[in-house]
Every structure is written in C-alpha cells, then in structure tokens.
Participant: 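The structure follows.
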Amino acid sequence: PPRVFSGIQPTGVPHIGNYVGAIRNWVELQKKYDSVLLCIVDLHSITVPQDPQQLRQNIFDMTACLLACGINPERSILFQQSHVAEHAELAWTLGCLCTLPRLQHLPQWREKSGKYKEPGLGLFTYPVLQAADILLYKATDVPVGEDQIHHIELTRHLAKSFNRNYGVVFPSCKVVMGDVPKIRSLRNPMAKMSKSEPNPLSRIELTDSPDDIAEKIKKAVTDSTSEVTYAPDTRPGVSNLIDIHMAFSGLFAEEICEHAYLKALDTGLYKQEVSEVVIEKLRPISDTIRRLQADRSYLEKVLKSGQERAKTLAGATMCEVKQAMGLS
Ligand code: TYM
C-alpha cells in the first residue's frame, strides 16, 4: 500500500522555502494518503555541531510549526527521529551495503564537507541514515525538494542491494515533487534559501513580524533593471520574488508581470506588493505557532503518540531485516 514518509531537520522555526517547498505539500498529501509519516530528523541535525539546549527548543518549535501549518497529528504520524532507535539500527545495516564512492559523489557532501577542516563521519554517512528513515517504514512516496533527489536515488539503490542480497524486504520509493520551484536566498539569489546562511536577511521565517518581512523583501537583492519580468536564469533576484509571490498567491508568473506592467510597478513598488501577500498569508500561521509554542505539554503529547505509532511499524521492519540477514 502507498505510504508517504518525509523528514525535516529541527532548525527551529522553518523559513518560507521549507514551507512552500515541503510542509505545505505534506499538508495536502495528508488528504490523499491514508498513511503519512513526518519525522523531525534530529539525528541528521547532529551531523554538524549543535547546542543541546537550542536543539531541544528547536525540536519543539518545529513541532509547533508543523502543527500550525496544518499537519494533523491524528491523521499523520508526527515524531522525533532519535526516539525511535530503529533508525540508527537500520542505518548501520544499510551502511554495510554502501560503498564509499557512492557517498563521495553526492553533491551535498562535496558542498558541506568543504566547510570543515575535518568533516565528521556523520556528515559523510548522512544520506545512509536518510535511506534508513524511508525504508524503515517501507515508504513508497517521498515528498522532498529537488535538493534531496540524489538521496532518494541512493535510497532506491540501497533497497535494491538489500533485496538482491537477502531477499525482498523493501519496496521501491519515488520522489513526489510539489509544483513550486526552489525558493532562493534573498541576499544571494543563486543559492537556495537556507537556515545555514549566516545572514538572517536572507530568509523569511514563519514567525517573522510584518515589519521584518517587509524589511527583508525591501532589501532583497535584485538587479539594475527596474521592470518586473520573470527570467530565473538571467534575473534570479526579481524572479525569486515572483516565485515567492506565486507560491503565496496561486497566480502565474505571466499574470503577475502583466499586473506589474499595467500598474507601472518598478521592482521597488513590486516588492511592497509581495510583502503584503506574504504578510497576510503568514499572519494566521504565525499566530497559531505562538499559541502552540506556549503549550509544551500538548507538543510533548503529540510527539509521544507519534513515537509509539512509528515504533510499532519500525519494529516490525527491523524484525524482517534481522531475519533476512541471519541476525535473528
Ligand atoms: P531539510 O530539513 O534541509 O529540508 C526539509 C525540506 O524542505 C525542502 N527545502 C526547500 N524547498 C524549497 N526551497 C528551499 N529553499 C528549500 N530548503 C529546503 C527540502 O528539499 C526538504 O524536502 N535530508 C533532509 C531531511 C530528511 C528526509 C529524510 C527527507 C531526513 N530523512 C527522509 C525525506 C525523507 C533535509 O535535510 O531536509
């Protein structure tokens, strides 16, 4: 039977890239699939240094945000990765089937490892853990942004290797993509919007105040042309604003540009329009986030119930895996 699995790192309050690229998609998929698992991947976060207190807070903040965005904890299984030990267990097993060159070629490793003088082993085997997340629940459909596609390919590869070596345990999985293009950094429109970019002006977070949002969009890097036209390759800055506008309004790029042309909006005035749209759409979400953040015991209850339900599924798969491998 079809089953959806996806994960997000507990980076605290997510940015609008996470929201339109992932979370909003998950909310829709809940309506179409009977079985949806959504995992706050704290074990992935610790592949780079984390402050323990901050991490703990971030896990609750992410939980509050996912609920505020419309994740229904009764329909979906929302849980914290480290609380289901089978993730780490299956990751070890799959790691034994994975070669070094497979991981060395992955773009995220090349990118991220360059930032450290002595990158850690966890950073290197990160994609194997991601494969374990998916396979542990025999997920068939994995909604992710395009930056994750190589990791899903690795997952398919490891599932095949396992099945070939030990008999068929894992189904094949596929990427489910939303229709929203990747949202880019407001400071550097060549890069994706990301939590790891040091400059907070580069991203809009779901709890940013209306003033913050307006200021960040106002300062967004564009180019020296004042017309509003959509050309992601040659005009990434203004096109990113149009992408954001599209994602929050449901309008098409042509409609947006036509409207800007008719109202004679230059990029400066157009930025104000984008701000208004984003502010209005985020207002109810950020109000709900704040309310949920104050209710720690409810958030704990949600994660606990998710953990129990996830653990039942995970335990059953690990039994099969151990049996198949001669570990039972
Ligand atoms: P993470 O936490 O970096 O991002 C979560 C999801 O958000 C998408 N995303 C974006 N989409 C559009 N524009 C952006 N600027 C943007 N930034 C992030 C990502 O594509 C992702 O879908 N390795 C994963 C988490 C993970 C996972 C899994 C996902 C761990 N195990 C198993 C699926 C299945 C990650 O770091 O995502």
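In listed order, ligands and their atoms are each counted from 1. A quick note: this is a predicted structure, and the numbers were derived from the prediction, not measured.
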Participant: For atom 1 (P) of ligand 1, what is the nearest protein heavy atom, given as residue, atom name and distance?
Facilitator: Gln9 N, 4.3 Å
Participant: In the protein, what heavy atom is nearest to atom 27 (C) of ligand 1, and what distance, to one decimal place, separates them?
Facilitator: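 Sorting protein heavy atoms by distance from atom 27 (C) of ligand 1 puts Gln130 NE2, 3.4 Å first.
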Participant: Would you tell me which option among Phe5, Trp26, Tyr19, Tyr126 has the nearest heavy-atom contact to atom 35 (C) of ligand 1?
Facilitator: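 Answer by nearest heavy atom: Tyr126.
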Participant: Would you mind writing out the side-chain donor-acceptor pairs for residues 320-328 within the sub-3.5 Å range, not counting sequence neighbours?
Facilitator:
residue : atom : partner : partner atom : Å
Glu320  : OE1  : Lys138  : NZ           : 3.1
Glu320  : OE2  : Lys138  : NZ           : 2.7
Lys322  : NZ   : Glu89   : OE2          : 2.8

Participant: Below 3.5 Å, N or O to N or O, backbone or side chain included: is there any such pair between Ile183 and ligand 1?
Facilitator: yes
Participant: Relative to ligand 1, is Val142 under 4.0 angstrom through side chain, backbone, both or neither, heavy atoms considered?
Facilitator: side chain
Participant: With heavy atoms under 4.0 Å as the rule, classify the contact between Ile134 and ligand 1 as side chain, backbone, both or neither.
Facilitator: side chain
Participant: Enumerate the side-chain hydrogen bond (donor to acceptor under 3.5 Å, both in side chains) contacts for residues 142-155, please, sequence neighbours excluded, ordered by first and then second residue.
Facilitator: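 Counting only pairs at least two positions apart or across chains, the side-chain hydrogen bond (donor to acceptor under 3.5 Å, both in side chains) contacts touching residues 142-155 are Gln130-Gln148, Gln130-His151, Asp147-Lys192, Gln148-His151.
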Participant: Would Phe162 and His157 count as a close aromatic pair, with their ring centres under 6.0 Å?
Facilitator: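 Not under 6.0 Å, so no.
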Participant: Look at atom 8 (C) of ligand 1 and say which protein heavy atom is nearest, naming residue and atom and giving the distance to 0.1 Å.
Facilitator: Ala22 CB, 4.2 Å
Participant: Between Lys219 and Glu215, is there a salt bridge with N-O shorter than 4.0 Å?
Facilitator: yes
Participant: Start with the C-alpha distance between Phe60 and Glu300, add both sets of side-chain angles, then the distance that settles side-chain contact (heavy atoms from CB on, under 4.5 Å), and finish with yes or no.
Facilitator: CA-CA 8 Å; Phe60 284 110; Glu300 280 171 1; 3.6 Å; yes
Participant: Report the part of Gln148 (side chain from C-beta onward, or backbone N, CA, C, O) that has a heavy atom under 4.0 Å from ligand 1; answer both or neither where that applies.
Facilitator: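 For Gln148, only side-chain atoms sit under 4.0 Å from ligand 1.
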Participant: Side-chain contact, heavy-atom cut-off 4.5 Å: Val221 with Asn188?
Facilitator: no
Participant: Quick one: look up the protein heavy atom nearest atom 22 (O) of ligand 1 and list residue, atom name and how far away it is.
Facilitator: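 Result: Gly145 N, 3.1 Å.
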Participant: Consider every N or O of Val41 and every N or O of ligand 1, then say whether any pair is closer than 3.5 Å.
Facilitator: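 Among all N and O atoms of Val41, none is under 3.5 Å from an N or O of ligand 1.
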Participant: Between Phe124 and Trp109, how do the two ring planes meet: parallel, tilted or perpendicular, split at 30° and 60°?
Facilitator: perpendicular
Participant: With ring centroids as reference points, do Tyr270 and His259 lie under 6.0 angstrom apart?
Facilitator: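 No, the ring of Tyr270 stays outside the 6.0 Å limit from the ring of His259, centre to centre.
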Participant: Starting from atom 4 (O) of ligand 1, find the nearest protein heavy-atom neighbour and note its residue, name and distance.
Facilitator: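 Sorting protein heavy atoms by distance from atom 4 (O) of ligand 1 puts Asn18 ND2, 3.7 Å first.
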Participant: Is Arg3 positioned over the aromatic face of Tyr33, cation under 6.0 angstrom from the ring centre and no more than 45 degrees off axis?
Facilitator: no
Participant: So for His15, does at least one of its heavy atoms come nearer than 4.0 angstrom to any atom of ligand 1?
Facilitator: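 Flag set, His15 near ligand 1.
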Participant: Which is closest to atom 16 (C) of ligand 1 by heavy-atom distance: Pro10, Pro127, Gly17?
Facilitator: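 Answer by nearest heavy atom: Gly17.
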Participant: At under 4.0 Å between heavy atoms, which part of Val144 makes contact with ligand 1: side chain, backbone, both or neither?
Facilitator: both
Participant: Under 4.0 Å, heavy-atom basis, I'd like to know which part of Ile8 is in contact with ligand 1: side chain, backbone, both or neither.
Facilitator: both
Participant: Return the minimal non-hydrogen interatomic distance between Arg203 and His15, and the atom names on each side.
Facilitator: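 The answer is CB-CB, 4.1 Å.
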Participant: Is the closest N or O pair between Gly21 and ligand 1 shorter than 3.5 Å?
Facilitator: no
Participant: Give the residue and atom name of whichever protein heavy atom lies nearest to atom 25 (C) of ligand 1, and the separation in Å to one decimal.
Facilitator: Gly7 O, 3.6 Å
Participant: Side chains of Ser202 and Asn199: is there a donor and an acceptor less than 3.5 Å apart?
Facilitator: no
Participant: Starting from atom 20 (O) of ligand 1, find the nearest protein heavy-atom neighbour and note its residue, name and distance.
Facilitator: Asp147 OD1, 2.5 Å
Participant: Taking N or O atoms only and a 3.5 Å limit, does Asp133 qualify as a polar contact for ligand 1?
Facilitator: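 Yes.
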Participant: Hey, does the side chain of Ser76 reach the backbone of Pro73 with a donor-acceptor pair shorter than 3.5 angstrom?
Facilitator: no
